[in-house]
**Q** 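Please see the structure below; I have some questions.
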Amino acid sequence: MTDKPAKSNKPQKLKARLPRGLADRGPAEIAATRDMVEKIRLQFERYGFEPVETPAIEYTDALGKFLPDQDRPNEGVFSFQDDDEQWLSLRYDLTAPLARYVAERIGTEHITLPYRSYRFGWVFRNEKPGPGRFRQFMQFDADTVGAPTIAADAEMCMLAADTMEVLGIPRGSYVVKVNNRKVLDGLMEGIGIGGEENAKRRLMVLRAIDKLDRLGVTGVRQLLGSGRWDGGEPGKGDFTAGALLSDEQIGLVLRQLTPADDEPLLGVSGEIWYPDGDTNKPGWDLRNTGLDELQQIESLVATAGYTRDRIRIDQSVVRGLEYYTGPVYEVELTFEISDEKGRPVRFGSVGGGGRYDGLVSRFRGEPTPATGFSIGVSRLQAALTALGKIASKPAPGPVVVTVFDRDRIADYQRMVTNLRNAGIRAELYLGNPKNFGNQMKYADRRGSPCAVIQGGDEKAKGEVQIKDLILGAEIAGLSKERDDYLKKQAEAQFAVKEGELVEAVRKLLARHGIA
RNA sequence: GCAGGUGUAGCUCAGUUGGUUAGAGCGCUGGUCUGUGGAACCAGAGGUCGGUGGUUCAAGUCCACCCACCUGUACCA
């Protein structure tokens, strides 16, 4: 009857697992994040921004244009219904919630325009995760609301560049790319795809342009025209439909990026490229306004001393968000990043932003200009970690006071208390004290700088032993020059009077540069 | 979503043309070891072979479907 009773009777173990795109974070990562956030915060405050926080949850309609789809309520954003059936969503960026915050307060004494504020926190996107792409990640964001001047945009670019450098990314290893949506919008109107009926097509054109750095002129040309096979040749891989522009239209779009196919990409070189020719097309005014604004930004940042290796006009920058109405910026790391197997990894942009003149005014009758910039803290941290620029080593552990004599736990605990009262991280060994070697092993794994030991012999002399575990580790690794070895050995463990314990530990920590 | 690839212990991987009870290294736990961590030796725990179904006397191995992960691509308000 029962062939394999043992198997079926075994209780099914619950599998411990984490949903994809989410990450647990240990002490080293937390320390790195805290460090980055603090550096960014100081820089943002230096620019005159003040802190403001909003919750992680908003009414769905406050975040974007759409209510969740009946079939796919969580497409892109995590959404759910409140008790009263109203739709709520987890925020997917910090800009839209700020727009809501400001719109609620304009005209009160709580806000003085132009209003400058910053915030950081977790944001959520329900998308396919990848390297540097998470479903929960941290952003650090600054916005200026109520300033129509292009100087506000130029300042965001400078802030972006400065912040990269305070984070330890050297000049030349990052670049802030700037473009203007007005250029692209005017251009598209000019080639005859303006108007509501062409909205979808314009989106395809923007997406195609955005892929210039990845797919090159050839790929963009295919996407603007009949479409592209992702295997590289017809029939290979998956087919991406194109925007079906005519050759003439494609030519005009590409000419905004480069004078001719085999010419260098003038539009992304930092120059502002005004293709000449027909200047009477509808939309050309808008395009030229955009180009003039770019010229102003270029001039503002150059006068402030920001060279083109830091902030550069790049007319292929699009940014995904549809609410951008003017200048857009994107921060990229310019070095190659490889994963642990040596394969190159694309991390995408580590920051971005732009002008969103419509986002606050959605809540109000009157127009309210605004511009902002966000750093993708999580992605930047992932990139820096992949580069080995962030120490994966956790901070030093606490001093461990070992238990030699079980009957004297109270004495040991008092030593711990004394150390703690002196501001030194310390703990009593709480495991089974039977095997003293295990206590050392424990202290070692905790990353303790030193262990405190008091056995019967020391107690009789009114002393304690302090064992320097960091030095000890060095000795164990060294080739044994006898004299040197003995000298270090003596340094690595020494006795002090009971009353001098705190001072001796403090000195030892100082010697190793531990606060 | 689409295309391709990969799934064997916590990790890195072996596992023959289908053939007994699925292995190694590292890691982990305990011991040698109530006077000292990173060494050595000994012992032990840990696997629904990603899942389900099928072919077969017999499946980790062959077939189908599903799932997860990786890469590319698409989407990303």
Side-chain angles (χ1 to χ4, degrees), chain A residues 4 6-8 10-13 15-21 60-69 72 75-77 79 89 91-93 95-96 124-131 133 135 203-204 207-208 210-211 214-215 219 223 227-232 235-241 318-324 339-341 343-346 348 356 358-359 362 400 402-407 429 432-448 450-459 465-478 489 492-493:
Chain A
K4 305 172 182 174
K7 205 170 197 176
S8 52
K10 212 172 180 178
Q12 184 84 348
K13 268 186 295 183
K15 190 166 183 186
R17 63 206 184 106
L18 186 66
R20 64 183 180 156
T60 300
D61 57 7
L63 289 181
K65 313 180 293 239
F66 310 118
L67 280 175
D69 201 305
R72 304 188 292 179
E75 183 72 7
V77 290
S79 303
S89 293
R91 62 187 176 190
Y92 55 79
D93 69 14
T95 308
F124 306 84
R125 293 189 192 177
N126 194 3
E127 293 165 3
K128 182 185 160 185
R133 299 180 61 133
R135 295 205 294 175
L203 204 56
M204 292 179 92
R207 285 174 190 156
D210 195 38
K211 296 183 176 86
R214 207 148 41 84
L215 305 179
L223 287 172
R228 176 178 182 273
W229 291 91
D230 70 24
K236 270 266 180 114
D238 195 23
F239 182 72
T240 308
V318 174
R319 304 283 308 154
L321 304 175
E322 282 186 70
Y323 53 63
Y324 289 127
D339 64 12
E340 63 278 2
K341 287 176 183 165
R343 295 174 299 204
V345 183
R346 276 185 180 280
Y356 50 96
L359 206 51
R362 281 188 311 136
V400 171
T402 56
V403 175
F404 219 101
D405 190 341
R406 288 168 201 253
D407 300 332
Y429 180 73
N432 186 346
K434 176 182 85 153
N435 184 341
F436 191 71
N438 283 348
Q439 302 197 42
M440 284 300 135
K441 232 182 235 178
Y442 172 81
D444 180 42
R445 286 179 198 181
R446 292 283 281 134
S448 302
C450 67
V452 174
I453 304 160
Q454 191 186 49
D457 299 349
E458 290 85 10
K459 177 67 184 164
Q465 292 275 343
I466 298 175
K467 178 164 178 138
D468 185 331
L469 295 169
I470 298 172
L471 201 55
E474 280 171 25
I475 291 170
L478 281 179
Q489 184 83 308
Q493 182 167 338

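The shown structure was predicted, so the numbers you read here are calculated from the model rather than taken from an experiment. Just so we're on the same page: letters track the sequence lines, and every chain starts at 1.
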**Q** Any base atoms under 4.0 Å from A/Arg133, or only sugar-phosphate, or nothing? Heavy atoms, all strands.
**A** base
**Q** Rounded to whole angstrom units, what separation is found between the CD atom of A/Gln493 and the P atom of B/rG35?
**A** 14 Å
**Q** Nearest to the A/Leu215 side chain among B/rA74, B/rC69, B/rC76, which nucleotide is it?
**A** B/rA74
**Q** Is the A/Phe436 ring parallel, tilted or perpendicular to the A/Phe404 ring (thresholds 30°, 60°)?
**A** tilted
**Q** Quick check for you: among B/rA77, B/rG72, B/rG35, whose closest atom lies nearest to any side-chain atom of A/Tyr323?
**A** B/rA77
**Q** Would you say the side chain of A/Val403 lies within less than 4.5 Å of the side chain of A/Gln439, judging by non-hydrogen atoms?
**A** yes
**Q** Measure from the side chain of A/Arg214, starting at C-beta and using heavy atoms only, and say which of B/rG37, B/rC75, B/rA74 lies closest.
**A** B/rA74
**Q** With a non-hydrogen cut-off below 4.0 angstrom, is A/Arg135 in contact with a base, only sugar-phosphate, or nothing?
**A** nothing
**Q** Classify the nucleic acid contact of A/Asp457 as base, sugar-phosphate or nothing, counting any heavy atom under 4.0 Å across all strands shown.
**A** base
**Q** Please measure how far the P atom in B/rC75 lies from the corresponding atom in B/rC65, and state the result in whole Å.
**A** 29 Å
**Q** Assess whether a salt bridge exists between A/Arg135 and A/Glu127, defined as any Lys/Arg side-chain N lying under 4.0 Å from an Asp/Glu carboxylate O.
**A** no
**Q** For a quick test of reading the model: is some side-chain N or O of A/Arg446 closer than 4.0 Å to OP1 or OP2 of B/rG37?
**A** no
**Q** Taking only the C1' atom of each, what is the distance from B/rA14 to B/rC76 in whole angstrom?
**A** 42 Å
**Q** Is there a side chain to side chain contact (heavy atoms under 4.5 Å, CB included) between A/Gln454 and A/Gln465? Walk through the geometry before answering.
**A** CA-CA 6 Å; A/Gln454 191 186 49; A/Gln465 292 275 343; over 6 Å; no
**Q** With C1' as the reference atom in both, quote the distance from B/rU20 to B/rG15 in angstrom, rounded to an integer.
**A** 15 Å
**Q** Quick check: on RNA chain B, is the nucleotide nearest A/Arg445 upstream (toward 5') of the one nearest A/Gly455, or the reverse? Name the residue that is more 5'.
**A** A/Arg445
**Q** Is there a side-chain contact between A/Lys467 and A/Ile453, using heavy atoms and a 4.5 Å cut-off?
**A** yes
**Q** Just checking A/Gly130: base, sugar-phosphate only, or nothing, at a heavy-atom cut-off of under 4.0 Å?
**A** nothing
**Q** With P as the reference atom in both, quote the distance from B/rU34 to B/rG30 in angstrom, rounded to an integer.
**A** 13 Å
**Q** Determine whether A/Asn126 and A/Val77 make a side-chain contact, defined as any pair of heavy atoms from C-beta on separated by less than 4.5 Å.
**A** no
**Q** Does A/Gln439 reach a base, just sugar-phosphate, or nothing at all? Heavy atoms under 4.0 Å.
**A** nothing
**Q** Between B/rG35, B/rG37, B/rA77, which nucleotide has the shortest distance from any of its atoms to the side chain of A/Glu458?
**A** B/rG35
**Q** Would you kindly compare A/Asn438 and A/Gln465 by the position of their nearest RNA chain B nucleotide and give the one closer to the 5′ end?
**A** A/Asn438
**Q** A/Lys434 side chain: which of B/rU73, B/rC76, B/rU34 is closest?
**A** B/rU34
**Q** Which value, in whole Å, describes the distance between the C1' atoms of nucleotides B/rC28 and B/rG35?
**A** 26 Å
**Q** A/Met204 CE to B/rC76 P: how many Å, rounded?
**A** 11 Å
**Q** Could you tell me how the ring of A/Trp229 sits relative to the ring of A/Phe239: parallel (under 30°), tilted (30 to 60°) or perpendicular (over 60°)?
**A** tilted
**Q** Mind checking the P distance from B/rC13 to B/rA77? Whole angstroms is fine.
**A** 37 Å
**Q** With a non-hydrogen cut-off below 4.0 angstrom, is A/Pro131 in contact with a base, only sugar-phosphate, or nothing?
**A** sugar-phosphate
**Q** Taking CD1 from A/Ile453 and C1' from B/rG35, how many angstroms apart are they, rounded to a whole number?
**A** 8 Å
**Q** Taking the side chain of A/Lys467 as its heavy atoms from C-beta onward, which of B/rC75, B/rU73, B/rG37 lies nearest to it?
**A** B/rG37
**Q** If you apply the rule side chain to side chain contact (heavy atoms under 4.5 Å, CB included), what do you find for A/Arg125 with A/Arg133, and how did you get there?
**A** CA-CA 9 Å; A/Arg125 293 189 192 177; A/Arg133 299 180 61 133; over 6 Å; no
**Q** Please report the distance, rounded to the nearest Å, between NZ in A/Lys128 and P in B/rG72.
**A** 8 Å
**Q** Any side-chain N or O of A/Lys211 under 4.0 Å from OP1/OP2 of B/rC75?
**A** yes
**Q** Can you figure out which of B/rC76, B/rC33, B/rU36 approaches the side chain of A/Phe436 most closely?
**A** B/rU36
**Q** Just call it for A/Gly437: base, sugar-phosphate, or nothing, with non-hydrogen atoms closer than 4.0 Å on any strand.
**A** sugar-phosphate
**Q** If you compare every side-chain N and O of A/Arg207 against the phosphate oxygens of B/rA74 (OP1, OP2), does one of them come in below 4.0 Å?
**A** no
**Q** Taking only Watson-Crick and G-U wobble pairs with both distances under 3.5 Å, what dot-bracket line describes RNA chain B, where [ ] shows pairs that cross earlier ones and | shows pairs with another strand?
**A** (((((((..((((.....[...)))).(((((.......))))).....(((((..]....))))))))))))....
**Q** Can you tell me, in whole Å, how much space there is between the P of B/rG27 and that of B/rA22?
**A** 25 Å
**Q** Starting from C1' on B/rU73, measure out to CG on A/Leu223 and report it in whole angstrom.
**A** 11 Å
**Q** With sugar-phosphate meaning primed atoms plus P, OP1 and OP2, does A/Tyr442 contact a base, only sugar-phosphate, or nothing at under 4.0 Å between heavy atoms?
**A** nothing
**Q** Expressed as a whole number of angstroms, how long is the span from A/Trp229:CH2 to B/rA3:P?
**A** 11 Å
**Q** Could you tell me how far apart A/Phe239 (CZ) and B/rC2 (P) are, to the nearest whole angstrom?
**A** 17 Å
**Q** Using atom C1' of each nucleotide, how far apart are B/rG47 and B/rG60 to the nearest Å?
**A** 11 Å
**Q** Could you measure the distance from the CG atom of A/Leu471 to the SG atom of A/Cys450? Nearest 0.5 Å is fine.
**A** 11.5 Å
**Q** Does A/Gln454 reach a base, just sugar-phosphate, or nothing at all? Heavy atoms under 4.0 Å.
**A** nothing
**Q** Dump the intermediate steps for side chain to side chain contact (heavy atoms under 4.5 Å, CB included) on A/Val452 and A/Thr402, then the final yes or no.
**A** CA-CA 6 Å; A/Val452 174; A/Thr402 56; 5.8 Å; no
**Q** Can you measure A/Phe404 atom CZ to B/rC33 atom C1' for me and round it to whole angstrom units?
**A** 12 Å
